[in-house]
Amino acid sequence: MDSTVSIDLKSILFLIVICVLPGLTSGQNFYRFSADITIKNKSDSAASLIIGKVYFDKNEMSVLYNCSFPRKEITLIKDSLTYYIQDDKIVSKTKSVLTPEQTVFNLALNRKLNTFGLDNTIYKAVKIEKDSDLVITTWEPEERFKKNLGRVLTSMKDNRLHGVVFYNENDILMGKQFFNEYVNIKGIEFPREVLYIIYNKNNKESYQITTFKNIVLNDTSEEHFYNYTLPEH
Amino acid sequence: MKKAIYTLFLSLVTILPAFAADGNEFAVDRSKINREMGALNDLERYVNDHQGITANQVNAEEINTSDMKGISQILDSEPPLGIPSFWWGFGGACIGGASMYGVCWLGVAAVAFVYFMTDENKEEAKKAALGCVVGTAVGILVAFLFFAVALGYGFYGIY
């Protein structure tokens, strides 16, 4: 009799754990991202290779690239500014073209990568269609922005963002971005490769491939890179 | 503008007929890209095999690493109006020098303009300053030649 009660209690506990655990997992707050990063650029006239490590902190809203190649350099993007640091000295400070909010890291940690962060912006989804294994969404800017901005297409494959196609205001193809080799880390889907194809004025293509390895979420071992203190000069 | 896209918001998601999209827009010629990236892949392997090596220490035959852009150059903002900073300094100083009114003051103003327009980018300001120095020399030379010619013309014109 006792053992029956015990088994029943175990079953109930097991059921509770099964039911509650996914909720707990999905509710986990991910606020940090780090990975080994490689960026390869190739155009007709130039080629470049960048190797280093990237650190993103959602609370600090900062992205830090600690590069080892082609030279030792730290790049910090924070508060709409980009700082370039060499030998513990700020060699340059510029207004940032890219903000941490727009990065793939922020979108992934906020689980907004599927829409490329376009929902709840000046873009609105005007068409959704299925083509083979892709679900393609056409996004258009609000009327008042159409003078300067073109449509954007996003495609989903296996419930993950597969590609993004950008057009300018004259509906000329500007670029394509592809998100490949997804890995699931603690419930967060992240692409280990991002391919960017840029179309120049003469319709020539240039390429950028960014790869991520050794992805870690909520890392606390390299605190100084997440809360980076800028050198005084 | 990109920042405006993300900071401004928002609209209701509506489903309306629009441009037709097809899967071809998402087609990629991966083998072509792999061919293009071949040398960079080789270099990446080499660098990974030699931890801590920098571009200056690499002797890669396929790629001129001395021309390689760092992340700073990739993310760098553009010079004002897309005109290289050197030419801002050069143009300003050249005009100022040629007109002889304060010689390079216009060049100095151009350097300050570049500095503030590029959000206090010292590298761009240095390029503008170099342009200012070269422009001043050229401007003074042009002014000197102008006065020499004018003086000569006046001399021979009088006598």
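Chain A is the first sequence line, chain B the second, and so forth, proteins listed ahead of strands; every chain is numbered from 1.
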For [X], is the [atom1] atom crowded, meaning more than 12 foreign heavy atoms sit under 6.0 Å from it?
| X | atom1 | value |
| --- | --- | --- |
| A/K53 | NZ | yes |
| A/K146 | NZ | yes |
| A/N184 | CG | yes |

Could you give the distance from [atom1] ([X]) to [atom2] ([Y]), rounded to the nearest 0.5 Å?
| X | Y | atom1 | atom2 | answer |
| --- | --- | --- | --- | --- |
| B/E44 | A/I50 | CD | CD1 | 12.0 Å |
| B/R30 | A/L195 | CZ | CG | 5.5 Å |
| B/L40 | A/L49 | CG | CG | 6.0 Å |
| B/I33 | A/K42 | CD1 | NZ | 12.0 Å |

Quiz prompt | Heavy-atom pairs under 4.5 Å with chain B, option from A/E193, A/K130, A/H162 with the top count | solution =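 When all of A/E193, A/K130, A/H162 are compared, A/E193 has the most.
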Self-check item: Between A/V165, A/D133, A/V164, A/T137, the one whose heavy-atom pairs under 4.5 Å with chain B are most numerous
Solution: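 When all of A/V165, A/D133, A/V164, A/T137 are compared, A/V165 has the most.
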Could you pull out the closest heavy-atom pair between [X] and [Y], with the gap in Å?
| X | Y | answer |
| --- | --- | --- |
| A/Y207 | B/K32 | OH-CE, 3.4 Å |
| A/F178 | B/F26 | CE2-O, 3.3 Å |
| B/M37 | A/N41 | CE-C, 4.4 Å |

Practice problem: Take A/F69 and B/Q51 through the side chain to side chain contact (heavy atoms under 4.5 Å, CB included) test and state the conclusion after the steps. | Solution: CA-CA 10 Å; A/F69 190 90; B/Q51 288 293 317; over 6 Å; no
Enumerate donor-acceptor pairs with a distance under 3.5 Å from any side-chain N or O in residues 56-63 of chain A to protein atoms, sequence neighbours excluded.
| unit_1 | atom_1 | unit_2 | atom_2 | d |
| --- | --- | --- | --- | --- |
| A/D57 | OD1 | A/N59 | N | 2.8 |
| A/D57 | OD1 | A/E60 | N | 2.8 |
| A/D57 | OD2 | A/R32 | NE | 2.7 |
| A/D57 | OD2 | A/R32 | NH2 | 3.4 |
| A/K58 | NZ | A/F30 | O | 3.3 |
| A/K58 | NZ | A/N110 | OD1 | 2.9 |
| A/E60 | OE1 | A/K78 | NZ | 2.8 |

Heavy-atom cut-off 4.5 Å, strictly under: side chain, backbone, both or neither for [X] against chain B?
| X | result |
| --- | --- |
| A/D44 | neither |
| A/S155 | both |
| A/L173 | neither |
| A/T115 | neither |
| A/Y167 | side chain |

Exercise. Go through the steps for B/L43 and A/K40 under the test side chain to side chain contact (heavy atoms under 4.5 Å, CB included), then give the verdict.
Key: CA-CA 10 Å; B/L43 179 63; A/K40 284 175 274 191; over 6 Å; no
